[in-house]
A.B. asks: 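Okay, handing you the structure first.
Below, each value reflects all heavy atoms present in this structure, side chains not excepted, and no hydrogens, waters or symmetry copies.
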Amino acid sequence: MLRRLFAVAAIAGVALTACSDRPTGGGSGGSATPAEGDEALVDPIVAEGNGLGSCAFPFSVETLAERGFAFEGTVVAIREPAAMDAPYEADLDVARWYRGGPEPTTTVRTYDVSGTSLAGDLGLAVGDRILASGDEGFLWGCGFSMAYSAEGAEIFERAFAA
């Protein structure tokens, strides 16, 4: 229990470091507002007016397309880290690679599997079908990884169309 509490506090610290109450100028245009046609890409915390939850990169098809890997997959295992400041590892069976691959399984790292961070990250559990993206083996939150939906798959398709 204490380990979980410490992990949530550490995640909140990371989220606060990566978040600000104003757009950052990174990505496409530096706006926390989605580009036209990207209505499904609004960070729910930002939409509620809580600037504390805005992410370091604005979420759009363009910034999603900048991620180093992207795929659709199902969580098959989650390993808790040995050290309190180390990331979790999640193994996924990959149904489709948008970028990266072509392995049928992959492992990503994340500091939050509970979905409790201020950035509105995706909670992960064995059996969850997700659309995942990130860089250097780390799963990105802030809408860049999401529970699978047909609408989300269309967004990934647009972002990673060759």
Side-chain angles (χ1 to χ4, degrees), residues 1-19 26-27 34 38 40-46 53-162:
M1 177 70 179
L2 185 58
R3 179 186 173 110
R4 171 68 74 179
L5 181 61
F6 181 77
V8 170
I11 291 163
V14 169
L16 287 172
T17 302
C19 299
D38 289 346
L41 298 178
V42 174
D43 180 336
I45 295 173
V46 173
S54 63
C55 298
F57 289 91
F59 186 49
S60 68
V61 170
E62 293 79 18
T63 56
L64 176 61
E66 294 171 359
R67 303 297 51 91
F69 69 83
F71 62 89
E72 172 195 334
T74 301
V75 179
V76 294
I78 298 174
R79 287 181 300 287
E80 191 169 322
M84 291 173 72
D85 60 346
Y88 288 83
E89 291 184 338
D91 298 332
L92 293 101
D93 284 339
V94 179
R96 177 178 180 189
W97 283 100
Y98 292 94
R99 173 170 293 148
E103 299 83 10
T105 62
T106 191
T107 299
V108 294
R109 294 171 288 170
T110 180
Y111 282 98
D112 184 19
V113 296
S114 66
T116 59
S117 80
L118 293 175
D121 289 338
L122 170 72
L124 293 178
V126 171
D128 285 353
R129 183 177 174 196
I130 67 169
L131 294 162
S133 72
D135 290 301
E136 299 178 12
F138 274 92
L139 191 64
W140 275 40
C142 293
F144 289 93
S145 296
M146 61 185 80
Y148 180 86
S149 69
E151 296 82 16
E154 289 176 19
I155 292 166
F156 271 58
E157 184 67 40
R158 277 191 312 184
F160 298 102

A.B. asks: Which value, rounded to the nearest 0.5 Å, describes the distance between Ser60 atom OG and Arg158 atom CZ?
C.D. replies: 10.0 Å

A.B. asks: Can a cation-pi geometry be assigned to Arg129 and Tyr148, taking NZ or CZ under 6.0 Å from the six-membered ring centre and within 45° of the ring axis?
C.D. replies: yes

A.B. asks: Which value, rounded to the nearest 0.5 Å, describes the distance between Phe57 atom CZ and Arg67 atom CZ?
C.D. replies: 6.0 Å

A.B. asks: Quick check: does any side chain N or O of Ser133 sit under 3.5 Å from a backbone N or O of Phe144, one acting as donor and the other as acceptor?
C.D. replies: yes

A.B. asks: Would you say Trp140 and Thr63 make side-chain contact, with heavy atoms under 4.5 Å?
C.D. replies: no

A.B. asks: Ignoring hydrogens, what is the shortest heavy-atom contact between Ala65 and Ala159? Give both atom names and the distance.
C.D. replies: CB-O, 3.2 Å

A.B. asks: Does Asp91 have any side-chain contact (heavy atoms from CB on, under 4.5 Å) partners at least two apart in sequence or in another chain, and if so, which?
C.D. replies: Val76, Ala77, Arg79, Thr107

A.B. asks: Which heavy atom of Glu72 sits nearest a heavy atom of Tyr98, and at what distance?
C.D. replies: N-CE1, 4.1 Å

A.B. asks: Is the shortest heavy-atom distance from the side chain of Tyr88 to the side chain of Glu80 under 4.5 Å?
C.D. replies: yes

A.B. asks: Please give me the minimum heavy-atom distance between Leu124 and Ala90, naming the atom from each residue.
C.D. replies: CD1-CB, 4.2 Å

A.B. asks: Just verifying a value: how many Å separate Leu92 CG and Thr74 OG1, rounded to the nearest 0.5 Å?
C.D. replies: 7.5 Å

A.B. asks: So, for Leu139 and Ala132, which heavy atoms are closest and what is the spacing to 0.1 Å?
C.D. replies: CD1-CB, 3.5 Å

A.B. asks: Say whether, by atom type as modelled, one donor and one acceptor occur between the side chain of Arg99 and the main chain of Phe160 under 3.5 angstrom.
C.D. replies: no

A.B. asks: Determine whether Phe69 and Thr106 make a side-chain contact, defined as any pair of heavy atoms from C-beta on separated by less than 4.5 Å.
C.D. replies: no

A.B. asks: Is the side chain of Trp97 donor-acceptor paired with the backbone N or O of Glu103 at a distance under 3.5 Å, no angle test?
C.D. replies: yes

A.B. asks: Output the distance between atom CD (Glu151) and atom CG (Leu131), rounded to the nearest 0.5 Å.
C.D. replies: 10.5 Å

A.B. asks: Is the side chain of Asp135 donor-acceptor paired with the backbone N or O of Gly68 at a distance under 3.5 Å, no angle test?
C.D. replies: yes

A.B. asks: Could you check whether Arg96 makes a cation-pi contact with Phe156, meaning its NZ or CZ is under 6.0 Å from the centre of the six-membered ring and within 45° of the ring axis?
C.D. replies: no

A.B. asks: Using a 3.5 Å distance criterion without hydrogens, assess whether the side chain of Thr110 forms a donor-acceptor pair with backbone atoms of Val113.
C.D. replies: no

A.B. asks: For Ile130 and Leu122, which heavy atoms make the closest approach, and how far apart are they?
C.D. replies: CG2-CD2, 3.6 Å

A.B. asks: Hey, does the side chain of Arg109 reach the backbone of Ala86 with a donor-acceptor pair shorter than 3.5 angstrom?
C.D. replies: no

